[in-house]
Amino acid sequence: MSRSTVSKLVTEFCYARPLLNNTRGGGGGATRIATLFPSFLHKPSPQSPRFSTSRSPALAPPDHLDHKELHIFNKLVTELSPSRLEVQDISAGCGTMYGIEIASRIFEGLPVMKQHRLVQNVLSEEIKGWHGVQLKTAIE
């Protein structure tokens with residue numbers, strides 16, 4: 001998943017989309033959202049932290065990761081540029097359940113459910129073979 005795809009997903013998950021399309025109640029949705037969130041309608045600049053194309057220094061994977069954990073770690077680092085990331089196989093080594101803790105500025109302004117969806121979209125192929133995932137996200 002490319003950086004632009006992640007940015008597009010973030011934009012689609014924002015609260016403004018349903019409000020902009022809502023024209024019930026007299027005024028247009030854009031007027032309503034501008035009243036509630038005046039700064040929300042401006043288009044984010046490329047320098048905006050959430051949509052930055054420059055990457056922070058990549059996290060180095062810990063030495064204790066096995067090859068499956070390392071694959072997950074590297075994929076999340078590449079796609080979400082986290083400031084903090086922990087990946088652990090919590091299925092007694094069989095690789096069917098993982099615990100993931102991730103902090104990223106990409107999550108800024110998104111509710112927890114949408115933060116989790118971004119991570120799940122990045123790992124969609126891997127998740128198909130899992131029994132479960134414990135996911136904790138944070139904004140940093």
Side-chain angles (χ1 to χ4, degrees):
M1 185 179 294
S2 70
R3 186 79 172 159
S4 62
T5 304
V6 171
S7 294
K8 182 180 174 189
L9 287 171
V10 169
T11 303
E12 288 177 2
F13 287 148
C14 287
Y15 289 115
R17 192 169 199 95
L19 291 173
L20 285 170
N21 294 331
N22 182 3
T23 56
R24 288 183 289 168
T31 304
R32 181 173 170 206
I33 193 70
T35 303
L36 295 172
F37 308 101
S39 64
F40 216 60
L41 287 178
H42 83 282
K43 187 170 183 155
S45 70
Q47 290 78 29
S48 171
R50 210 167 106 197
F51 294 95
S52 175
T53 56
S54 65
R55 295 186 184 267
S56 58
L59 291 176
D63 294 333
H64 62 80
L65 298 180
D66 67 20
H67 72 282
K68 290 179 183 178
E69 291 168 330
L70 184 60
H71 171 75
I72 295 163
F73 186 95
N74 288 334
K75 194 164 187 181
L76 290 171
V77 166
T78 301
E79 298 297 331
L80 300 177
S81 301
S83 55
R84 186 172 39 87
L85 176 60
E86 295 178 29
V87 177
Q88 182 180 8
D89 181 350
I90 54 176
S91 62
C94 69
T96 58
M97 187 162 179
Y98 289 88
I100 299 171
E101 292 186 28
I102 182 170
S104 177
R105 294 186 81 179
I106 289 177
F107 301 143
E108 191 174 333
L110 297 176
V112 174
M113 284 284 285
K114 292 179 182 180
Q115 294 173 20
H116 287 205
R117 282 187 200 146
L118 280 175
V119 175
Q120 291 168 355
N121 284 338
V122 170
L123 298 174
S124 61
E125 288 302 312
E126 291 80 3
I127 288 175
K128 288 178 185 178
W130 298 352
H131 291 293
V133 62
Q134 290 179 354
L135 186 55
K136 293 180 183 177
T137 57
I139 302 164
E140 281 184 13

Handout entry: Nearest-0.5 Å distance that lies between atom CD in Gln120 and atom CD in Gln115
Key = 11.5 Å
Exercise for the section: May I have all residue pairs that pass ring pair (Phe, Tyr, Trp, His ring centres under 6.0 Å) and include part of residues 62-86, sequence neighbours excluded? Expected result: none
Practice task
Indicate if Met97 and Val133 have the same hydrophobic cluster label, given that clusters are the connected sets of ILVMFWY residues with side-chain heavy-atom separations under 4.5 angstrom.
Solution key: no
Completion exercise
For Val112, the other hydrophobic cluster members (4.5 Å side-chain criterion, sorted by chain and number) are none
Exercise for the section: To the nearest 0.5 Å, tell me how far Leu123 CG sits from Leu135 CG. Expected result: 8.5 Å
Practice task
Check Pro82 against Val77 and note the closest heavy-atom contact, atom names and distance.
Solution key: CD-CA, 3.5 Å
Exercise for the section: Among residues two or more places apart or on two chains, list those pairs meeting ring pair (Phe, Tyr, Trp, His ring centres under 6.0 Å) that have a residue in residues 76-96. Expected result: none
Fill in the blank from the handout: Cluster membership besides Met113, Ile/Leu/Val/Met/Phe/Trp/Tyr side chains within less than 4.5 angstrom, sorted by chain and number, is none
Practice task
Could you tell me the separation between the CG atom of Leu110 and the CG atom of Leu118, rounded to the nearest 0.5 Å?
Solution key: 6.0 Å
Completion exercise
When rounded to the nearest 0.5 Å, the distance separating OG1 of Thr96 from CD1 of Ile90 is 9.0 Å
Handout entry: Results of side chain to side chain donor-acceptor pair (under 3.5 Å) for Gln134 - residues two or more places apart only
Key = none
Handout entry: Pairwise side-chain contact, Leu85 with Ile100, heavy-atom cut-off 4.5 Å (strictly under)
Key = yes
Exercise for the section: Name all residues meeting the side-chain contact (heavy atoms from CB on, under 4.5 Å) criterion together with Glu69; count only those two or more places apart in sequence or in a different chain, and write none if there are none. Expected result: Leu65, Asp66, Val87, Gln88, Asp89, Tyr98
Problem - same_hphob_cluster(Ile127, Ile72) at 4.5 Å side-chain heavy-atom cutoff - result: yes
Practice task
Without swapping roles, check the side chain of Ser104 against the backbone of Leu80 for a donor-acceptor pair under 3.5 Å.
Solution key: yes
Completion exercise
salt bridge (Lys or Arg N to Asp or Glu O under 4.0 Å) filter on Glu140, not counting sequence neighbours, yields Arg84
